[in-house]
2 protein chains.
Amino acid sequence: MRTLDCDQLLSSTLSDADASELARVLKALADPVRLKLVNVIATSGEACACDFPALVGKTQATVSHHLKQLVQAGILEREQRGKWAWFRVNADHLAEICAVIC
Amino acid sequence: MRTLDCDQLLSSTLSDADASELARVLKALADPVRLKLVNVIATSGEACACDFPALVGKTQATVSHHLKQLVQAGILEREQRGKWAWFRVNADHLAEICAVIC
DNA sequence: ACATCGATTCGACGTCTGTCAATATGTAAT
DNA sequence: ATTACATATTGACAGACGTCGAATCGATGT
């Protein structure tokens with residue numbers, strides 16, 4: 001994925017490609033369940049996927065679907081530990097998104 | 001609309017209501033056409049809706065639809081001047097969104 | 001090898017979303 | 001009033017999205 005420069009949205013001209021790229025990442029974040037997942041993982045430092053269905057009140061299949069989107073968008077990082085999958089927030093990437101918007 | 005506190009996403013626990021509210025605003029931003037519109041308006045200071053269809057390559061109806069979403073999300077402000085509608089970016093609100101994420 | 005358990009993928013579903021043509025609304029000038 | 005022009009709304013449609021149950025994959029332990 002391409003890195004977006006700081007301040008693009010408000011100060012410099014956004015190309016069509018950059019607009020699509022930024023939209024893609026924002027779309028990954030723009031869902032209540034996914035925001036909850038990011039929040040739980042961020043406040044915990046790291047978290048096991050096995051706890052998420054109960055925390056967000058969704059099926060394991062649904063949670064897995066959302067986690068995949070967040071990983072593909074670069075917002076979460078996945079690590080396999082034995083049977084369990086653990087997730088951490090990629091804070092740098094979130095900061096990048098912020099930088100583009102503000 | 002409720003105001004969201006700073007740092008909620010990464011440091012403090014996000015309630016279901018806050019997650020939905022934040023998702024609503026992010027969803028308004030998470031579209032290439034709407035990002036383009038915000039970018040054009042922000043870099044111009046203010047802009048007339050009459051120019052948008054040509055700028056983003058969409059129908060007048062489609063542009064109007066997107067502008068409505070941005071205004072309802074509090075990202076844009078609309079002002080009628082004679083026949084024309086002018087738009088400005090609500091930078092404070094964008095900064096709030098950023099503050100929640102970072 | 002086999003069984004077990006966590007996680008992903010598949011298939012299906014209802015809903016939401018982006019888009020446009022057509023129509024309606026509103027504003028201004030004649 | 002009527003005309004002209006800018007914008008909003010409506011109706012319709014295709015495609016994307018969130019959700020779940022069922023099937024599958026992967027890793028562990030017996």
Side-chain angles (χ1 to χ4, degrees), chain A residues 14 16-17 19-41 44 46-88, chain B residues 14 16-17 19-41 44 46-88:
Chain A
L14 207 63
D16 287 3
S20 292
E21 169 59 17
L22 181 53
R24 198 181 67 84
V25 180
L26 286 176
K27 217 169 271 190
L29 214 51
D31 177 273
V33 173
R34 290 196 286 273
L35 284 172
K36 265 280 204 180
L37 289 172
V38 171
N39 180 239
V40 167
I41 296 167
S44 306
E46 60 181 7
C48 174
C50 52
D51 296 324
F52 297 151
L55 281 171
V56 302
K58 301 289 172 189
T59 307
Q60 192 186 31
T62 299
V63 167
S64 179
H65 164 71
H66 286 306
L67 288 170
K68 187 180 183 183
Q69 292 193 52
L70 288 167
V71 170
Q72 284 180 337
I75 296 168
L76 292 186
E77 283 167 3
R78 195 196 123 111
E79 184 190 350
Q80 187 83 25
R81 296 191 197 163
K83 293 200 247 191
W84 297 275
W86 288 76
F87 292 87
R88 282 193 320 280
Chain B
L14 208 61
D16 288 3
S20 293
E21 168 60 16
L22 181 54
R24 198 181 66 83
V25 179
L26 287 176
K27 218 169 270 189
L29 214 50
D31 177 272
V33 173
R34 291 196 285 274
L35 284 172
K36 265 281 202 180
L37 289 172
V38 171
N39 180 241
V40 166
I41 296 167
S44 306
E46 60 181 7
C48 174
C50 53
D51 296 325
F52 297 150
L55 282 170
V56 300
K58 300 289 173 188
T59 307
Q60 182 259 326
T62 298
V63 167
S64 179
H65 165 71
H66 286 307
L67 288 171
K68 187 180 183 181
Q69 292 192 53
L70 288 167
V71 170
Q72 284 180 336
I75 297 167
L76 292 186
E77 283 167 3
R78 195 198 121 113
E79 183 190 351
Q80 187 82 26
R81 296 187 196 166
K83 296 199 248 192
W84 296 276
W86 287 76
F87 293 85
R88 282 192 320 281

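Hydrogens, waters and symmetry mates are skipped; everything else that's a heavy atom, side chains included, is used. Below, chain A is the first sequence line, B the second, and so on; all start at residue 1.
In this structure, A:Leu70 atom CG and D:dG18 atom P are separated by 10 Å, rounded to whole Å. Per the geometry, CG belonging to A:Leu35 stands 12 Å off P belonging to D:dG18, to the nearest Å. Distance NZ (A:Lys36) to P (D:dG18): 18 Å, rounded to an integer number of Å. Following rounding to the nearest Å, B:Phe87 (CZ) and D:dA6 (C1') show an atom-to-atom distance of 11 Å. Taking atom CG of A:Leu67 as the reference point, atom C1' of C:dT8 lies 11 Å away to the nearest angstrom. The CD-P distance, from A:Glu79 to C:dA7, rounds to 13 Å in whole Å. One can place CD of B:Gln69 at 11 Å from C1' of C:dC16, the figure rounded to the nearest angstrom. When the C1' atom of C:dG6 is taken as reference, atom CH2 of A:Trp86 falls 13 Å away, rounded to whole Å.
Along DNA chain C, the nucleotide nearest A:Lys27 and the nucleotide nearest A:Asp51 are compared for position; the residue whose nucleotide lies closer to the 5' end is A:Asp51. Residues A:Lys58 and A:Gln80 both approach DNA chain D. Their nearest nucleotides, taken by heavy-atom distance, put A:Lys58 toward the 5′ side.
Distance from the side chain of A:Ala61 is smallest to D:dG21 among C:dT19, C:dG6, D:dG21. Counting only heavy atoms from C-beta on, A:His65 has its side chain closest to D:dT19 among C:dT17, C:dT19, D:dT19. The nucleotide whose nearest atom lies closest to any side-chain atom of A:His66 is, among D:dT7, D:dG18, C:dC20, D:dG18. Side chain of B:Lys83, nearest nucleotide from C:dT27, C:dT8, D:dG18: C:dT27. Considering only side-chain atoms of A:Trp84, the nucleotide from C:dA7, D:dA6, C:dG18 that sits closest is C:dA7. Checked against D:dT7, C:dA21, C:dA7, the side chain of B:Ala49 finds its nearest nucleotide in D:dT7.
Taking only side-chain nitrogens and oxygens, B:Thr62 never comes nearer than 4.0 Å to OP1 or OP2 of C:dG18. Of the side-chain N and O atoms in B:Ser64, one or more sit less than 4.0 angstrom from OP1 or OP2 of D:dA8. Applying the 4.0 Å criterion to OP1 and OP2 of C:dA7, one finds that A:Lys68 has every side-chain N and O outside that range.
In this structure, A:Ala85 reaches the sugar-phosphate backbone alone: every heavy-atom distance under 4.0 Å involves primed, P, OP1 or OP2 atoms, never a base. Within 4.0 Å of B:Arg81, counting heavy atoms only, lies no atom of the nucleic acid at all. Here A:Thr59 lies in heavy-atom contact (under 4.0 Å) with sugar-phosphate atoms only.
The main-chain N or O of A:Gln60 is never found under 3.5 Å from a side-chain atom of A:Ser64 such that the two would form a donor-acceptor pair. Between the side chain of A:Arg78 and the main chain of A:Leu67, no donor-acceptor pair closer than 3.5 Å is present. A donor-acceptor contact shorter than 3.5 Å is absent between the side chain of B:Glu46 and the backbone of B:Cys48. Although no hydrogens or angles enter the test, the distance criterion places a donor-acceptor pair under 3.5 Å between the side chain of B:Lys36 and the main chain of A:Leu14. Between the side chain of A:Arg88 and the backbone N or O of A:Glu79 there is no donor-acceptor pair closer than 3.5 Å.
Residue A:Leu70 comes nearest to A:Ala28 through the heavy atom pair CD2-O, 3.6 Å, listed as atom of the first residue, atom of the second, then distance.
Not a single donor-acceptor contact under 3.5 angstrom links the side-chain atoms of B:Gln60 to the base of D:dA6.
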